[in-house]
Amino acid sequence: SLLQLKLWNKYRVSNIPSLIFIDASTGKVVCRNGLLVIRDDPEGLEFPWGPKPFSEVVAGPLLRNNGQTLDSNALEGSHVGVYFSAHWCPPCRSLTRVLVESYRKIKEAGQKFEILFVSADRSEDSFKQYFSEMPWLAVPYSDEARRSRLNRLYGIQGIPTLIVLDSKGDVITRQGRVEVLNDVECREFPWHPKPVLELTDSNAVQLNEGPCLVLFVDSEDDGESEAAKQLIQPIAEKIIAKYKAKEEEA
C-alpha cells in the first residue's frame with residue numbers, strides 16, 4: 001500500500017528484516033539498528049537504546065598496526081573518520097588504497113584528523129593482515145561488543161562506510177566514501193554536505209538515501225548548468241535549514 005511505501009522511504013529501509021525504534025512523543029528515530037540491539041542486549045538493560053555520544057561508545061584502548069596501544073581519549077579535538085570495512089569485500093580494499101593517500105595528504109596539510117578502523121573481518125588473522133596496510137587506529141578485533149556498539153550507533157547497513165565526525169564527535173557526513181573518491185586532493189575536507197551536487201558515478205549512491213531532486217541540463221552549455229545551480233541552491237539551502245532546525249536528516 002501507499003502507506004507501507006511511505007514508511008519504507010521515510011526510514012530509508014534498504015534490506016529486511018529491519019527493526020527501527022522511534023520515540024513516539026517526538027517521532028524521532030531512536031535507533032536504526034534494532035536487530036543488533038536485541039541481539040546485543042537481550043535483557044533490555046540498555047533500554048531505551050537511544051544514541052550515546054561517540055566518545056562514550058568508543059571508550060577504551062585503540063591499536064596501531066605496530067602493536068602500540070592508545071586510549072580513545074587521544075581522539076579528542078580531532079576530526080575522526082570512523083571506517084567500517086573488511087578485507088573480504090573488494091570495494092573496501094579499493095577504498096582503503098585511496099583512503100591511505102587521503103589520510104596522508106590531510107595530515108601533511110596540518111589538519112587534526114584520525115581514522116578509526118572498525119573491522120567486519122571474519123577472523124583475527126584476516127583483520128591483522130588488512131590492518132597492516134593502514135596507517136591509522138583500530139578498535140581491537142577481540143572487542144566484539146565495542147565494534148557492534150559502533151555499528152549500532154551509526155546504523156551501518158553495508159560496507160565500506162566512512163562516517164566523518166567533527167572535533168566534538170558530531171556527524172559531518174555519512175558519505176565519506178563518496179567524498180573521498182570525488183575529492184582525491186582532499187580540498188573540500190572535512191566534507192560538509194553541499195546542498196547541490198553534480199551527479200557522478202561515485203555519488204549516485206546518494207539517490208538511495210532519501211528523496212532527491214535531479215535537474216537535467218544541457219551539458220554543452222556551461223552557462224546553463226551554472227544558472228540551474230543558482231536556481232536550486234537557495235531552495236536546497238532552505239530545505240536543509242528546515243530539517244536542521246528539527247534536528248532531522250534532510
Side-chain angles (χ1 to χ4, degrees), residues 1-15 29 32 79 81-85 89-106 108-109 111 113 115 154-166 170-250:
S1 77
L2 187 60
L3 177 62
Q4 283 171 313
L5 191 62
K6 274 184 168 169
L7 286 167
W8 276 69
N9 286 336
K10 180 174 172 62
Y11 298 114
R12 303 203 308 273
V13 175
S14 56
N15 48 8
V29 172
R32 286 193 173 281
H79 282 80
V82 190
Y83 184 36
F84 298 85
S85 187
C89 143
C92 292
R93 292 201 299 276
S94 55
L95 179 60
T96 297
R97 286 193 288 275
V98 179
L99 199 50
V100 167
E101 286 305 301
S102 303
Y103 178 74
R104 193 176 52 76
K105 283 174 187 154
I106 293 164
E108 281 175 2
Q111 301 263 19
F113 181 51
I115 292 177
Y154 298 115
I156 301 303
Q157 293 197 342
I159 54 172
T161 294
L162 178 67
I163 310 266
V164 183
L165 310 178
D166 67 16
D170 296 327
V171 174
I172 292 176
T173 178
R174 301 178 56 88
Q175 299 291 341
R177 174 193 185 182
V178 171
E179 297 292 355
V180 163
L181 295 174
N182 263 349
D183 179 25
V184 179
E185 292 304 314
C186 307
R187 291 198 179 99
E188 306 281 330
F189 176 82
W191 302 302
H192 287 280
K194 293 192 186 71
V196 179
L197 290 173
E198 190 162 327
L199 192 60
T200 64
D201 285 353
S202 55
N203 68 24
V205 62
Q206 296 190 73
L207 296 173
N208 301 325
E209 290 283 309
C212 294
L213 173 87
V214 183
L215 180 61
F216 293 87
V217 295
D218 184 353
S219 61
E220 299 300 307
D221 177 0
D222 275 353
E224 188 172 334
S225 62
E226 195 44 50
K229 193 175 173 182
Q230 282 173 10
L231 175 72
I232 55 178
Q233 179 92 13
I235 301 168
E237 283 171 359
K238 205 156 105 185
I239 292 169
I240 287 171
K242 188 181 94 179
Y243 279 95
K244 214 168 184 168
K246 287 200 273 184
E247 291 180 16
E248 285 178 17
E249 286 185 51

Beyond-backbone contact of [X] with [Y], side-chain heavy atoms, under 4.5 angstrom:
X: S85; Y: T96; value: yes
X: R32; Y: I156; value: no
X: E179; Y: P190; value: no
X: R187; Y: D183; value: yes

Whether over 12 other heavy atoms sit under 6.0 Å from D201 CG: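 Check fails, neighbour count at 12 or below.
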
Within 6.0 angstrom of Q4 CD, more than 12 heavy atoms from elsewhere: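 Open.
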
Ion pair E101/R97, N-O distance below 4.0 Å: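 Salt bridge flag = no for R97 with E101.
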
Salt bridge E188-K194, side-chain N to carboxylate O under 4.0 Å: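 A salt bridge links E188 with K194.
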
Side chain to side chain contact (heavy atoms under 4.5 Å, CB included) assessment of R174 paired with L162: CA-CA 6 Å; R174 301 178 56 88; L162 178 67; over 6 Å; no

Between Y83 and T161, a side-chain donor and acceptor under 3.5 Å: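 T161 and Y83 do not have a side-chain donor-acceptor pair below 3.5 Å.
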
Minimum heavy-atom separation for [X] and [Y], please, with both atom names.
X: C89; Y: P160; result: SG-CD, 4.1 Å
X: F84; Y: I159; result: O-CG2, 3.5 Å
X: V217; Y: S225; result: CG2-CB, 3.7 Å

For the [atom1] atom of [X] and the [atom2] atom of [Y], what is their distance to the nearest 0.5 Å?
X: L199; Y: L215; atom1: CG; atom2: CG; answer: 11.0 Å
X: Y154; Y: I163; atom1: OH; atom2: CD1; answer: 7.0 Å
X: Q233; Y: E226; atom1: CD; atom2: CD; answer: 9.0 Å
X: C92; Y: L99; atom1: SG; atom2: CG; answer: 11.0 Å
X: H192; Y: I172; atom1: NE2; atom2: CD1; answer: 4.0 Å
X: Q111; Y: H79; atom1: CD; atom2: NE2; answer: 7.5 Å

Partner of L213 under side-chain contact (heavy atoms from CB on, under 4.5 Å), chosen from I239, I232, V196: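 Filter result, single survivor: I232.
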
Intermediate values then yes/no, side chain to side chain contact (heavy atoms under 4.5 Å, CB included), L95 and V180: CA-CA 8 Å; L95 179 60; V180 163; 4.2 Å; yes

Parallel, tilted or perpendicular: ring planes of F189 versus F113, cut at 30 and 60 degrees: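 Answer is perpendicular, since the angle exceeds 60°.
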
Criterion side chain to side chain contact (heavy atoms under 4.5 Å, CB included) on K6 and N9, from CA distance to verdict: CA-CA 5 Å; K6 274 184 168 169; N9 286 336; 5.9 Å; no

Side-chain donor or acceptor of K229 paired with backbone N/O of E198 under 3.5 Å: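 It does not hold such a pair.
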
Test log, rule side chain to side chain contact (heavy atoms under 4.5 Å, CB included), inputs L165 and V82: CA-CA 8 Å; L165 310 178; V82 190; 3.8 Å; yes

